[in-house]
Peer 1: 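The structure that follows is given in the form of structure tokens.
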Amino acid sequence: MDADVIVVGAGLAGLVAAHELTRRGRRVAVVDQENAANLGGQAYWSFGGLFLVDTPEQRRLGVKDSFELAWNDWQGSAGFDRLEDEDSWAVRWARAYVDFAAGEKRSWITGQGIRLTPVVGWAERGDLRADGHGNSVPRFHIAWGTGTGVVAPFVRSAHRAAAAGLLTFHHRHRVDELVLRDGTVTGVRGTVLAQDDAPRGVASSREPAGEFELGAQAVVVTTGGIGGDHDLVRRYWPQRMGTAPKNMITGVPAYVDGRMLDISAAAGVRLVNRDRMWHYTEGVQNWDPVWPGHAIRVLPGPSSMWFDALGRRLPDPCLPGYDTLGTLKHLRTTEDIAGYDHSWFVLTQKIIEKEFALSGSEQNPDLTSGDRRAVLRERVFGSGAPGPVEAFKRHGADFVVAASLEELVTKMNGLTDEPLLDAAALRAQIEARDLQTVNPFSKDAQVQGIRNARRYLGDRLSRTAAPHRILDPAAGPLIGVKLHVLTRKTLGGIQTDLDSRALGPDGSPVAGLYAAGEVAGFGGGGVHGYNALEGTFLGGCLFSGRVAGRAAATAVA
């Protein structure tokens, strides 16, 4: 045996599993196809949001939350409908995860050194039904350091374990096969890739330089999803979501390739819920990409007006920050717009200053650096948009700015192959909406949502602009943002039991094999069901990686 346990994948779930193993004295081999610069994987680049329930941060802001409310929200969002089959373990994982988020999670992450910012975000506000999709209250807790702050404690743990002789890194080792002996997984076999010193996130060489085989008592697969491979995304694109866009942009590095899913299936693992995935409709091209094709998601507040490619305001609940997949479904299944791969935000300078955030650790230098004064200066007391947002407005290929609506529409039409937008039609819709801002009450659902958001202190301070007319010159200039579908997360994957043991087609565990993180649908083969509540991807890696590490440590004792 080369180790007690082999962990395939050096992303967040893999590092958490390794942490749990080595702190129990187990010898671990971490195998990853990328170089040492990529420790932490996609989580490193994230905004660092964590789903937590009934926390001191919420209570200080006047938010009343509970396990019961969160579990009701989760079930309404997940819509589990394969309970006798593909969802049989997923629903149990979901219940366990919400219990973790409402209980031990906060103390556990703070015990690892992760600290939370004081303002809790309100992501995925939902489909406007109490029993439907969405967060009833703000639960999006942002870590100081963003994704880098979440990853850092587990990177440090891995380095300490390596120094102590308990962990060995095998970088640039691509697993091509799980080794089976008498029905038990006993190791991995694959290709040693040529040395490549590419910076973190940049696509690396796949030139082979040799072969390898490693043996262990157990293997934990933590290799992520399929978001970096658009062909795979299209292959499993769900029919209920219409047609996949001809052109998508990518929110993950190229190494998020989904290879280990089919490799695991070849070893007798059951893959479930492959038609469930999570892609954003608010993607923009990155004017300063870290890697080729690197795109960014806009994290919008509730005030921007959203129009389809033909210039029609999107219907409820297709509102900014409300229902990600509901909006995607509308854009991809409405017959006369499904042939177009974009939509539009129209907003004001006043809105972009208060409400626009950009997903990504590198897009939030104040939070990533932990500079509290900079956060207050930029996000609470600042007179303009945060620096990275202003840079996108000035340099981004999808941003246009104008003093008048007619000029704005001309520039927006300049970003498409043909002029699809009519200024008069847009003006009529915007003016109708603007009339709804005169009173503190309204029949317009979006205006109602803005006022509802501002009743929450966190939104009023730093996330939601005061209601105003879009066409008010004092709030200008006007801004148009062309939005693309941004590939991101896989919601299905390897079916696992509550000990993270990978299951075969007959429902029995595949001996010696565990799975965690996105490759396992963040647990059970689909803990989110059809919809995510946000802050649940990093949290899913933490929770399932912890479970897998602890279970494997016990099994090889």
Side-chain angles (χ1 to χ4, degrees), residues 11 33 41-42 45 79 82 86 174 201 203 206 223-266 269-286 289 291-298 308-309 318 323-343 359 397-398 416-417 482-495 517-522 525-526 528-532 537:
Q33 65 183 348
Q42 169 59 17
W45 298 107
R82 302 167 182 173
E86 295 182 85
R174 184 186 68 198
R206 292 294 178 259
T223 49
I226 66 173
D229 187 330
H230 289 190
D231 290 335
L232 275 180
V233 170
R234 291 188 177 93
R235 183 186 306 173
Y236 293 105
W237 188 271
Q239 187 175 9
R240 65 183 176 276
M241 301 298 289
T243 58
K246 297 183 183 68
N247 298 294
M248 296 181 282
I249 57 179
T250 311
V252 296
Y255 56 69
V256 185
D257 56 17
R259 291 183 71 255
M260 283 303 299
L261 286 164
D262 289 336
I263 291 169
S264 299
V269 168
R270 188 181 188 214
L271 305 181
V272 295
N273 297 316
R274 299 200 74 176
D275 63 329
R276 295 179 183 171
M277 51 186 68
W278 185 263
H279 308 303
Y280 292 109
T281 47
E282 313 101 321
V284 292
Q285 300 171 80
N286 195 341
W291 60 84
H294 175 208
I296 294 294
R297 184 210 173 189
V298 174
D308 66 26
C318 303
D323 187 352
T324 292
L325 291 194
T327 303
L328 180 61
K329 181 178 180 179
H330 173 77
L331 294 173
R332 302 309 311 162
T333 59
T334 303
E335 186 174 355
D336 59 350
I337 58 171
Y340 303 102
D341 296 336
H342 69 278
S343 60
S359 181
D398 295 314
T416 56
D417 293 335
K482 185 181 181 184
L483 304 172
H484 310 264
V485 174
L486 177 87
T487 62
R488 186 59 66 88
K489 294 297 179 185
T490 308
L491 299 187
I494 297 172
Q495 192 171 43
E518 192 175 350
V519 76
F522 301 90
H528 298 94
Y530 288 96
N531 271 302
F537 300 135

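What you see is a predicted model; the values in this text were computed from it and never measured. Sequential numbering from 1 along the given sequence is applied to the chain's residues. Values reported hereafter were calculated over all heavy atoms of this structure, with side chains retained and with hydrogens, waters and symmetry mates removed.
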Peer 1: Answer whether the closest heavy-atom distance between the side chains of D398 and L483 falls below 4.5 Å.
Peer 2: no
Peer 1: Is the shortest side-chain heavy-atom distance between Q33 and D257 below 4.5 Å?
Peer 2: yes
Peer 1: If I take atom CG from residue L325 and atom CZ from residue R276, how far apart are they, to the nearest 0.5 angstrom?
Peer 2: 11.5 Å
Peer 1: Give me each pair satisfying ring pair (Phe, Tyr, Trp, His ring centres under 6.0 Å) with a member in residues 237-262, each pair once, sequence neighbours excluded.
Peer 2: W237-H279
Peer 1: Give me each pair satisfying salt bridge (charged side-chain N to carboxylate O under 4.0 Å, His left out) with a member in residues 328-343, each pair once, sequence neighbours excluded.
Peer 2: R312-D336, R332-D341
Peer 1: Once you round to the nearest 0.5 Å, how far does CD of Q239 lie from OG1 of T333?
Peer 2: 12.0 Å
Peer 1: Restricting to pairs with a member in residues 241-255, which pass salt bridge (charged side-chain N to carboxylate O under 4.0 Å, His left out), not counting sequence neighbours?
Peer 2: none
Peer 1: Side chains of Y280 and L328, heavy atoms from C-beta outward: is any pair under 4.5 Å?
Peer 2: no
Peer 1: Using a strict 4.0 Å threshold on nitrogen-to-oxygen distance, state whether R240 and D275 make a salt bridge.
Peer 2: yes
Peer 1: Is the side chain of E86 donor-acceptor paired with the backbone N or O of N273 at a distance under 3.5 Å, no angle test?
Peer 2: yes
Peer 1: Side chains of T250 and H230, heavy atoms from C-beta outward: is any pair under 4.5 Å?
Peer 2: yes
Peer 1: Kindly give the heavy-atom pair with the smallest separation between T243 and A338, and that separation in Å.
Peer 2: OG1-O, 4.2 Å
Peer 1: Please assess R297 against T324 for the test side-chain contact (heavy atoms from CB on, under 4.5 Å), listing each intermediate value before the final yes or no.
Peer 2: CA-CA 12 Å; R297 184 210 173 189; T324 292; 4.2 Å; yes
Peer 1: Can a side-chain donor-acceptor contact be found between Y236 and R274 if the only test is distance below 3.5 angstrom?
Peer 2: yes
Peer 1: Please give me the minimum heavy-atom distance between A295 and L486, naming the atom from each residue.
Peer 2: CB-CD1, 3.4 Å
Peer 1: Determine, stepwise, if the pair K482 / Q285 fulfils side-chain contact (heavy atoms from CB on, under 4.5 Å).
Peer 2: CA-CA 9 Å; K482 185 181 181 184; Q285 300 171 80; 5.8 Å; no
Peer 1: With heavy-atom distances below 4.5 Å as the criterion, would you say the side chains of P238 and Y530 are in contact?
Peer 2: no
Peer 1: Ignoring hydrogens, what is the shortest heavy-atom contact between C318 and G326? Give both atom names and the distance.
Peer 2: SG-O, 4.0 Å
Peer 1: Given side-chain contact (heavy atoms from CB on, under 4.5 Å), test V233 with M277 step by step and report yes or no.
Peer 2: CA-CA 8 Å; V233 170; M277 51 186 68; 4.1 Å; yes
Peer 1: State whether the side chain of E518 and the backbone N or O of T490 hold a donor-acceptor pair below 3.5 Å, judged by distance alone.
Peer 2: yes
Peer 1: Does the pair D308 and T334 meet the rule for a side-chain contact (heavy atoms from CB on, under 4.5 Å), with working shown?
Peer 2: CA-CA 10 Å; D308 66 26; T334 303; 5.9 Å; no
Peer 1: Please find the pair of heavy atoms, one from L261 and one from L271, that lie closest to each other, and give the distance.
Peer 2: O-CD1, 3.5 Å
Peer 1: With the side chain counted from C-beta on, respond yes when I249 and T487 share a heavy-atom pair under 4.5 Å apart, and no when they do not.
Peer 2: no
Peer 1: Less than 4.5 Å apart, side chain to side chain, heavy atoms only: is that true for F537 and L491?
Peer 2: yes
Peer 1: Any idea which heavy atoms bring A244 and R234 closest together, and the distance?
Peer 2: CB-CG, 4.0 Å
Peer 1: Does any non-hydrogen side-chain atom of H330 lie less than 4.5 Å from one of S343?
Peer 2: no
